[in-house]
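Scope of the values below: all heavy atoms of this structure, side chains included, with no hydrogens, waters or symmetry mates. Counting starts at 1 for both ligands and their atoms, following the listed order.
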Amino acid sequence: MTLPKHVKLVEVGPRDGLQNEKETVPAEVKIELVERLAAAGLPNIEAASFVSPKWVPQMATSGEVMENLRRRPGVLYSALTPNMKGFEAALAARADEVVIFGSASEAFSQRNINCSIAESVERFRDVARAAKDNGIRLRGSISCSFGCPYEGEIAPDAVADVVRRMRDLGCDEIDIADTIGVGTPGKIATVYEAIAKEYPLGQLSGHFHDTYGQALVNIYAALQVGVSIFHASVAGLGGCPYAKGATGNVATEDVVYMLDGLGIHTGVHLDQVVDAGQFISRQLGRKAASRAGNAIANRRAG
Ligand SMILES: CC(C)(COP(=O)([O-])OP(=O)([O-])OC[C@H]1O[C@@H](n2cnc3c(N)ncnc32)[C@H](O)[C@@H]1OP(=O)([O-])[O-])[C@@H](O)C(=O)NCCC(=O)NCCSC(=O)C[C@@](C)(O)CC(=O)[O-]
C-alpha cells in the first residue's frame, strides 16, 4: 500500500467553522484568524461565503474580511458562491477561487439552497461560466455524499451523478462532503471508487465532519485509495446550519499531527496551527475541539 507523499490541506475554519456561531464574530477576529492560518502554511483558505445574510447572518461580513486581509503570496483565498449575486460579490472582493455547493440529496439541497439538485446545476452554470471568463478557479462541493440528515443513506451512484454534472460545469476540483460525519472507512472506499470513474482522483477532495468521531480514520481510508486533498477546520470549529447536530470538520491540528507522523508533506507548521486554534478558541470563549491541539497547548503550559 502506498500513501500519497504530499497532501494539500484546505482550511475551512473561517467559513465552515464560523458560519454556525450564534454570536457575531467581529471581522477583525476573522481576519486575524485567516492571517494566522496563512502564516502557518495553509495553502488554501476558505475565508468567505457570499450567501444570503438572512440565511447565514454570520457570513455577512465576508466582503469586509476579504477586502481587509493582508494576503500572502501563493495562498488561495476561496469563497462560497451559490448564485450570480454571490459571484459578483466574490469577484469584487478578489476571491481567488469560488465554490459552487450542491448536494447528492434532494432534501438537503432544498433545505440548504432552496432548490432541487437540477435547479442548482442551472444556477451554477452561470457562475461557472463567469468564473472561467474572469480566470477564477472553480471548485464544486457535494454535501451529503455519505448520508443525509433527512434522507438517510445516499447511494454512491447519486454522488457520481452530481460529480458528473460538476465536472461538466468545468470544476477544477470537487469536494466530497460528509456533512453529518456518518461515513465509515468501508463506505469511503466504495464512494471514491465509484466517483473516480467520472473524475480524476487527484482533483477530488475529502471534506469530513467529525460528528461520529470517524473523520481521521476516514482520511486514512481515503489516503489509501489515493485521495490527496483534504479539508480541515482549525480547532474543529463548526457545523452546518442546515444539518442539525452535525459537529465541525475534522480539526486541522489533528490532521497535521497524523500526516506529519505518516511522513506526508503538507507544508503546514503544526505549532502555528495550534496557536491559531488556541487564538480563535479564546475569542469564542471555549476550549478547542482538537485533541492534538489541546495536548500540545497543555504540554507547552507544563
Ligand atoms: C442560495 C440562497 C441565496 C437562495 O435563497 P432564495 O431565497 O431561494 O433566493 P432568492 O434568489 O429568491 O433571493 C432571496 C433573497 O436573498 C438575497 N440573495 C440571494 N442570493 C444572495 C447572495 N448570494 N448574497 C446575498 N444575498 C442574496 C436576494 O437578494 C433576496 O433578498 P431580498 O430581496 O429578500 O432582500 C439561500 O438559500 C442561501 O443563502 N442559502 C445559504 C446556504 C448556506 O450558506 N449554507 C451553508 C453553507 S453550505 C455548507 O456548509 C456545506 C459544505 C459546503 O460545507 C459542505 C458540507 O459539509 O456539506
Regarding K187 and D178, does a basic nitrogen lie under 4.0 Å from an acidic carboxylate oxygen? no

Salt bridge or not between R286 and E21? Use side-chain N to carboxylate O under 4.0 Å. yes

What residues, two or more places apart in sequence or in another chain, satisfy salt bridge (Lys or Arg N to Asp or Glu O under 4.0 Å) together with R139? E46, E97, D175

Under-4.0 Å heavy-atom contact with ligand 1, by part of P82 that carries it: side chain

Between L80 and ligand 1, is there a nitrogen or oxygen pair with a distance under 3.5 Å? no

Any N or O of S141 that comes nearer than 3.5 Å to an N or O of ligand 1? no

Under a 4.5 Å cut-off applied to non-hydrogen side-chain atoms, are M59 and S62 in contact? yes

Would the distance check show the side chain of S281 and the main-chain N or O of G277 forming a donor-acceptor pair, the cut-off being under 3.5 Å? yes

Counting only heavy atoms, tell me which of I180, I100, N112, D175 gets closest to atom 41 (C) of ligand 1. N112

Run the contact test for M59 against ligand 1 with a 4.0 Å cut-off on heavy atoms, strictly below, and give the result. no

Do T247 and D210 have side-chain atoms, one donor and one acceptor, less than 3.5 Å apart? no

Using a 3.5 Å cut-off on N or O atoms only, is G86 in polar contact with ligand 1? yes

Within the 4.0 Å heavy-atom shell around H209, which atoms of ligand 1 are there? 57 (O)

S103 near ligand 1, heavy-atom distance under 4.0 Å? no

Nitrogen or oxygen atoms of S49 and ligand 1 under 3.5 Å apart: no

For ligand 1, find out whether one of its N or O atoms is nearer than 3.5 Å to an N or O atom of V51. yes

Begin with the C-alpha distance, continue with both residues' side-chain angles, and end with the deciding distance and a verdict on salt bridge (charged side-chain N to carboxylate O under 4.0 Å, His left out) for E32 and R36. CA-CA 6 Å; E32 179 165 352; R36 280 173 177 264; 3.0 Å; yes

Taking CZ in R291 as the centre, count heavy atoms belonging to other residues, nucleotides or ligands within less than 6.0 Å. Is the count above 12? no

Under 4.0 angstrom from ligand 1, any heavy atom of M84? no

D178 versus ligand 1: do any nitrogen or oxygen atoms come within less than 3.5 Å of each other? no

Suppose I only count heavy atoms of N83 and a 4.0 Å limit; which atoms of ligand 1 are within that range? 3 (C), 19 (C), 20 (N), 21 (C), 22 (C), 23 (N)

Distance under 4.0 Å to a non-hydrogen atom of T179: what atoms of ligand 1 satisfy this? 56 (C), 57 (O), 58 (O)

Side-chain heavy atoms of F124 within contact of M166, under 4.5 Å: yes

Closest to atom 49 (C) of ligand 1 (judged by heavy-atom distance), picking from R123, R15, Q110: R15

Between E11 and T252, is any side-chain donor less than 3.5 angstrom from a side-chain acceptor? yes

Show me which atoms of ligand 1 lie under 4.0 Å from any heavy atom of F101. 42 (C), 43 (C), 48 (S)

Hey, could you give me the CE/CG distance between M66 and D96, rounded to the nearest 0.5 Å? 6.5 Å

What atoms of ligand 1 come within less than 4.0 Å of a heavy atom belonging to I113? 1 (C), 4 (C), 37 (O)

Atoms in ligand 1 with a heavy atom of K54 nearer than 4.0 Å: 32 (P), 34 (O), 35 (O)

Heavy-atom proximity to atom 6 (P) of ligand 1, picking from V56, N114, T81, N20, points to N114

Would H231 and D16 count as having a side-chain donor-acceptor pair, cut-off 3.5 Å? no

Give the atoms of ligand 1, by number and element, whose distance to some non-hydrogen atom of P53 is under 4.0 Å. 25 (C), 26 (N)

S143 neighbourhood, listing ligand 1 atoms whose heavy-atom distance to it stays under 4.0 Å: 51 (C), 55 (C), 56 (C), 58 (O)

Report all side-chain donor-acceptor pairs from residues 193-204 shorter than 3.5 Å, counting only partners two or more places apart or in another chain.
{"residue": "E198", "atom": "OE1", "partner": "R164", "partner atom": "NH1", "Å": "3.4"}
{"residue": "E198", "atom": "OE2", "partner": "R164", "partner atom": "NH1", "Å": "2.8"}
{"residue": "Y199", "atom": "OH", "partner": "C171", "partner atom": "O", "Å": "2.8"}
{"residue": "Y199", "atom": "OH", "partner": "D172", "partner atom": "O", "Å": "3.4"}
{"residue": "Y199", "atom": "OH", "partner": "E173", "partner atom": "N", "Å": "3.2"}
{"residue": "Y199", "atom": "OH", "partner": "Q203", "partner atom": "NE2", "Å": "3.4"}
{"residue": "Q203", "atom": "NE2", "partner": "D172", "partner atom": "O", "Å": "3.0"}

